[in-house]
Structure formats: structure tokens, C-alpha cells
Amino acid sequence: MTRGTYLKLGGLSLLVGTVSSVIMLIPDWNGQAASVEAGPIDRLLDVMIVISSYVFAVVMVALFYALWRFRAKPGDESDGEPIHGNTKLEIAWTAIPTIIVLAAAIYSWVILEDIEAKGEDAMPIDVTAQQFAWTFDYPEEGISSDELHVPVDQQLELKLQTLDVIHSFWVPEWRIKRDIVRQPGTPSSEVDDDVVVTPNEEDEFTLTCTELCGLGHTTMRAIVVVESQEEFDQWVAEQKQSGETQGSEGSSQNDDTSSEPPTPTEEGSASE
Ligand SMILES: [Cu+2]
């Protein structure tokens, strides 16, 4: 292969990579972005899409060039040339992917450090997962709910824990997803299932469990409401009031139970 051929193939790879990047960046892959963390995460995804597009282009151009250029002529039954080893090529195809992967890893690390940075005034919320329901406890407000209400533009420190199997916390619009492995009482130093997120858009979302956790897995959802500080304070007041009238910590709330997942066995002693 001449130098000119290499240049042509290189140019073609650049072109295919650029076209493929542009096409792949058109769809809005992640949908609505409603947290401070969503920006950097989406940018990271875009960078990975572009890198992958150029790798894809190099592989495809080399493949189709080889198919076309080195095709056996009809009736050619002879063996191929006995080629063994090519040190330069082997060094190149080890070094280049290593550099690409390391660069991507370092960039991901930087983003992760950035989005996981916890501020002084993060609001702690204990999130408890169990087959097949979510419970949210607000230690500072002294309330408990099966809906996640949070004030907008407030950094949250979600302390995730599970009462049974592994579940996974995911609010797509926040881009935050974390498997819940920690059991109650396990210190954060042992299993870190604390997640930091700052919702920055008032809206209603759905929290979905994304770890297949049993028969009721698909029903394991919870309503997430991001609202103004005033609306949040009002909701907290309402929760406190209904908590007082109900007396003990209510297991399931007053809404209709038709769409509710099966009651977990923890409540075994509950009357029918
Ligand atoms: Cu689950």
C-alpha cells in the first residue's frame, strides 16, 4: 500500500466518522434534563458517541477496503501469503486504543468527581426500597411519605437503603441511577449508597426501580415532585398534620389500593 492510499483511507475514515457523529448526535437520547448533573452527563455521552463514531469509521473503512482490494479472483484456489507478525502494527494497535480508553476514563472520572461533590447545605432524605415500594423519610422535617417531594434548586443527599433484595434508584430526567445494596444500619464507610443530585426544574417525574427485583418489579414506581420552596413547605406541613391524625407511621397511604403493589411481608401482622 502506498502512502497515498493510506492518506485516502485516513481521509475517508475522517469523513465517515464525522457523518456518523452528526447522525448519532441528532436524536435527543436522554430526553428532558432536569438536574444540575444532567448537563455534564449528557456532554460525556456526546463525547463518547463521537469517539465511538470515529473508531467505527476506521474499522468499517479498513474492512471494506480489504474486502474490495484483496478479494480472490474467480478460480483463484492458491493459498494466501504466509505473513507472520508486524511489530510496528502491533505496537500501534495496542498503544492507540490504550490512549483512547485512558483519555475517556480520565474524562469520566473528572465528571464523576464534579457531579458527586456534596455541598454544605445538602438536604438529607432517607430512601428505603423494598419489594415493591419506596419510602422517603425526611429526618430534618420529621415526616415520612411514599412520594418524593423536593424543593427545586436544592441539593439532595439521598441515602439509599434496601430492606430485602437489590433495587435501583432511577429518575431518568435527573440522570441519576444507583443500585441499592446497603442494608439498614450499614455505615456509609462500608457501603456507600449516598447519592447527590440537584433538581433544577419544577415538574413531576417517575422514580423507577431498574433492578429486576421480583414479580412486582414493574410496579415499583414512585411519584417524584419537584416544587418551589413554598409548595414544599406547605406539603411538609400537610404531611405532619395527616401524620398526627393517623397516629402511628402509616404503612400505605389513603389513596386507592387498586394500582398498589402487593404489600410486603414485613407488614405481616397488619389487619385485613
Ligand atoms: Cu426493585
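Counting begins at 1 with the first residue of the sequence. Values below: every heavy atom of this structure, side chains too, minus hydrogens, waters and symmetry copies. The structure displayed is predicted, hence computed values, not measured ones. Read the numbers this way: they start at 1 and go in the same order the structure lists the ligands and their atoms.
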Practice prompt. Determine, for K118 against D194, whether the closest basic-nitrogen to carboxylate-oxygen distance falls under 4.0 angstrom.
Written response: no

Discussion item. Salt bridge check, K159 against D193: does any charged N sit closer than 4.0 Å to a carboxylate O?
Written reply: no

Discussion item. Using a 3.5 Å distance criterion without hydrogens, assess whether the side chain of S168 forms a donor-acceptor pair with backbone atoms of E211.
Written reply: no

Worksheet entry | Metal site angle (apex the Cu ion (ligand 1)), SG from C209 and SG from C213, 10 degrees | 120°

Worksheet, complete the sentence: Of all N, O or S atoms in H167, the one closest to the Cu ion (ligand 1) is ND1

Worksheet item: Does any N or O in the side chain of R182 come within less than 3.5 Å of the main-chain N or O of L160, such that one atom is a donor and the other an acceptor?
Response: yes

Discussion item. Suppose we only count N/O/S atoms under 2.8 Å; would M220 qualify as near the Cu ion (ligand 1)?
Written reply: yes

Practice prompt. Confirm or rule out an N/O/S atom of H217, from backbone or side chain, lying less than 2.8 Å from the Cu ion (ligand 1).
Written response: no

